[in-house]
J.: 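Questions regarding the structure given below will be posed in turn.
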2 protein chains.
Amino acid sequence: MAKADTPSSEDLLKLDSFLCFAIYSANHAFTRVYKPLLDDLELTYPQYLVMVVLWEKDDQTVGSLGEKLFLESSTLTPMLKRLEAMGYITRVRDRMDERQVRVRLTDTGRALRHRANAVPLGIAGATGMEPADLARLRAEIAALRASLLR
Amino acid sequence: MAKADTPSSEDLLKLDSFLCFAIYSANHAFTRVYKPLLDDLELTYPQYLVMVVLWEKDDQTVGSLGEKLFLESSTLTPMLKRLEAMGYITRVRDRMDERQVRVRLTDTGRALRHRANAVPLGIAGATGMEPADLARLRAEIAALRASLLR
DNA sequence: ATAAAATAAATCGTTCGCGATATAATCGCA
DNA sequence: TGCGATTATATCGCGAACGATTTATTTTAT
């Protein structure tokens, strides 16, 4: 199958598309594995990521969330409105700088964290990998992302 | 920062969300890096993946494409209609089994492959990684996906 | 031979995600 | 001071992506 020669650009077309595809399909796989666990919390996977960021640090601007999640306001604004409608967060213009919107957890949103603690255990189990391997892989992929966005 | 103790479920909430998030954001990063390269071909990133699969093996059913790409017909059908409208593929009911739709490259679609050969080189460069490392990482992520979907 | 089960795509409604653009507030500088 | 540039968020249109359902065809079992 694999030849010792320098791969032609035709071979590369396949080869390299595979790393991106591995990531693309692994991402879908994560979405699917998370779904049943998150259904209980009535959160989608991207919404869950927003909540994780807020559980770590409450009271952030839309821009700050976007920086951490690598998302644009055009993606976040509608998502945050849904989370607000569900009663998990509030969105309030900053008094000092009315351009900014401060996103804060409600008591319900904060309380959700306890129920969410069960989620990661389920995921870690689903990967079937050792914590150390997971950490190493995570770091490598994060480095890859950083290179890509450079 | 890191303690030697067994991580609590609260710590895990952060830790484990990171592998999924690393993948999630790396996937977005790939989409962004591909975009300018694919704009010339008038393909989106998912459409490009479909074309890659067809360049490898022409004349496949919707189901076969879905198996390889891990996508449902509800995702593929509209995408394939767009590729058909662009003149890159044809969609024809199979005479032998009218339930199936056979997807075939047009001459234009086949010809596109040559122009697409430039794409992977650009991506490989953007990762800044050695081919061997890329291959290893790809394999690890593919294994992870397989575990998740088990 | 035909009714029931299974299979393959397509359709529908919802959520994400982006780029381009709009709106509104603040900043900087003449 | 006040006006142009910058910044923060929101809006819009489009293309994925999924689950649930529908339609059409084929297979199977009776």
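Keep in mind that the numbers below use all heavy atoms, side chains included, and drop hydrogens, waters and symmetry copies. On a predicted model such as this, the values are computed, not experimentally measured, just so you know. Order of the sequence lines fixes the chain letters, A, B, ..., with proteins taken first and strands second; residue numbering starts at 1 for each chain.
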J.: For B/Arg110, check salt bridge (charged side-chain N to carboxylate O under 4.0 Å, His left out) against everything at least two apart and list the hits.
T.: B/Asp58, B/Asp107
J.: Could you list the protein-to-nucleotides 1-5 of chain D atom pairs, N/O on both sides, closer than 3.5 Å?
T.:
none

J.: Tell me every residue that passes salt bridge (charged side-chain N to carboxylate O under 4.0 Å, His left out) with A/Lys81, counting only those two or more places apart in sequence or in another chain.
T.: none
J.: Does the side chain of B/Tyr24 get closer than 4.0 angstrom to OP1 or OP2 of C/dG17 through an N or O atom?
T.: yes
J.: Nearest-Å distance, CD (A/Glu72) to C1' (C/dT21)?
T.: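 Rounding to the nearest Å, CD of A/Glu72 and C1' of C/dT21 are 13 Å apart.
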J.: Can you give the donor-acceptor pairs under 3.5 Å from side chains of residues 60-72 of chain A to other protein atoms, not counting sequence neighbours?
T.:
| from | atom 1 | to | atom 2 | distance (Å) |
| --- | --- | --- | --- | --- |
| A/Gln60 | OE1 | A/Ser64 | OG | 2.4 |
| A/Gln60 | OE1 | A/Lys68 | NZ | 2.7 |
| A/Gln60 | NE2 | A/Val53 | O | 3.3 |
| A/Gln60 | NE2 | A/Lys57 | O | 2.8 |
| A/Thr61 | OG1 | A/Ser64 | N | 3.0 |

J.: Rounded to whole Å, please give me the gap between CE in A/Met96 and P in D/dT7.
T.: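 Taking atom P of D/dT7 as the reference, CE of A/Met96 is at 21 Å.
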J.: From D/dA16, D/dT26, C/dT15, pick the nucleotide closest to the side chain of B/Arg82?
T.: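 Nucleotide nearest to B/Arg82's side chain: D/dA16.
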J.: Rounding to an integer number of Å, can you tell me how far A/Leu69 CG sits from C/dC18 P?
T.: 10 Å
J.: Once you round it to whole Å, what is the distance between C1' of D/dG19 and CZ of B/Phe70?
T.: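 Interatomic distance, CZ of B/Phe70 to C1' of D/dG19: 19 Å.
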J.: Got a sec, which residues hit salt bridge (charged side-chain N to carboxylate O under 4.0 Å, His left out) with A/Arg99, two or more places apart in sequence or on another chain?
T.: A/Asp97
J.: For the side chain of A/Thr44, starting at C-beta, report the closest nucleotide among D/dA17, C/dT15, D/dA16.
T.: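 Selected nucleotide (nearest to the side chain): C/dT15.
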J.: OH of A/Tyr45 versus P of D/dG19: gap in Å, rounded?
T.: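 For the pair A/Tyr45 OH and D/dG19 P, the rounded distance is 15 Å.
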J.: Once each nucleotide of nucleotides 4-13 of chain C is scored for protein heavy atoms under 4.0 Å, what B/S/- sequence comes out, 5' to 3'?
T.: ---BSBBBB-
J.: Without decimals, in angstroms, what is the distance between A/Asp94 CG and D/dT9 P?
T.: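 Value for this atom pair: 9 Å.
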J.: To the nearest Å, give me how far apart CE (B/Met86) and C1' (D/dG15) are.
T.: 10 Å
J.: Closest heavy-atom contact between B/Leu134 and A/Leu19?
T.: CD2-CD2, 3.3 Å
J.: Can a side-chain donor-acceptor contact be found between B/Ser25 and A/Arg145 if the only test is distance below 3.5 angstrom?
T.: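 Yes - a donor-acceptor pair under 3.5 Å links their side chains.
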J.: Of all residues at least two apart in sequence or in a different chain, which pass the ring pair (Phe, Tyr, Trp, His ring centres under 6.0 Å) check with A/Tyr88?
T.: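 Residues passing ring pair (Phe, Tyr, Trp, His ring centres under 6.0 Å) with A/Tyr88: none at all.
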J.: How would you list all residue pairs meeting salt bridge (Lys or Arg N to Asp or Glu O under 4.0 Å) that involve residues 37-47 of chain A, not counting sequence neighbours?
T.: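 Salt bridge (Lys or Arg N to Asp or Glu O under 4.0 Å) check on residues 37-47 of chain A returns A/Lys35-A/Asp39.
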J.: To the nearest Å, how far apart are B/Gln47 CD and D/dA17 C1'?
T.: 14 Å
J.: List the residues meeting salt bridge (charged side-chain N to carboxylate O under 4.0 Å, His left out) with B/Arg91, not counting sequence neighbours, and say none if there are none.
T.: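 B/Arg91: salt bridge (charged side-chain N to carboxylate O under 4.0 Å, His left out) contacts with B/Glu84.
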J.: If two hydrophobic side chains count as joined below 4.5 Å and joins carry through other members, does B/Val92 share a cluster with B/Met51?
T.: no
J.: Side chain to side chain contact (heavy atoms under 4.5 Å, CB included) with A/Leu148: which residues, sequence neighbours excluded?
T.: A/Leu144, B/Ala29, B/Phe30, B/Val33, B/Ala126, B/Thr127
J.: Between C/dG19, D/dA17, C/dT15, which nucleotide has the shortest distance from any of its atoms to the side chain of B/Lys35?
T.: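 Nearest to the side-chain atoms of B/Lys35, counting from C-beta on, is C/dG19.
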J.: Apply side chain to side chain contact (heavy atoms under 4.5 Å, CB included) to A/Thr31 and list each qualifying residue two or more places apart in sequence or on a separate chain.
T.: A/Tyr45
J.: Specify the residues of residues 141-150 of chain B, ordered by number, for which at least one heavy atom lies under 4.0 angstrom from an atom of DNA chain D.
T.: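 Those residues whose heavy atoms fall under 4.0 Å from DNA chain D, taken from residues 141-150 of chain B, amount to none.
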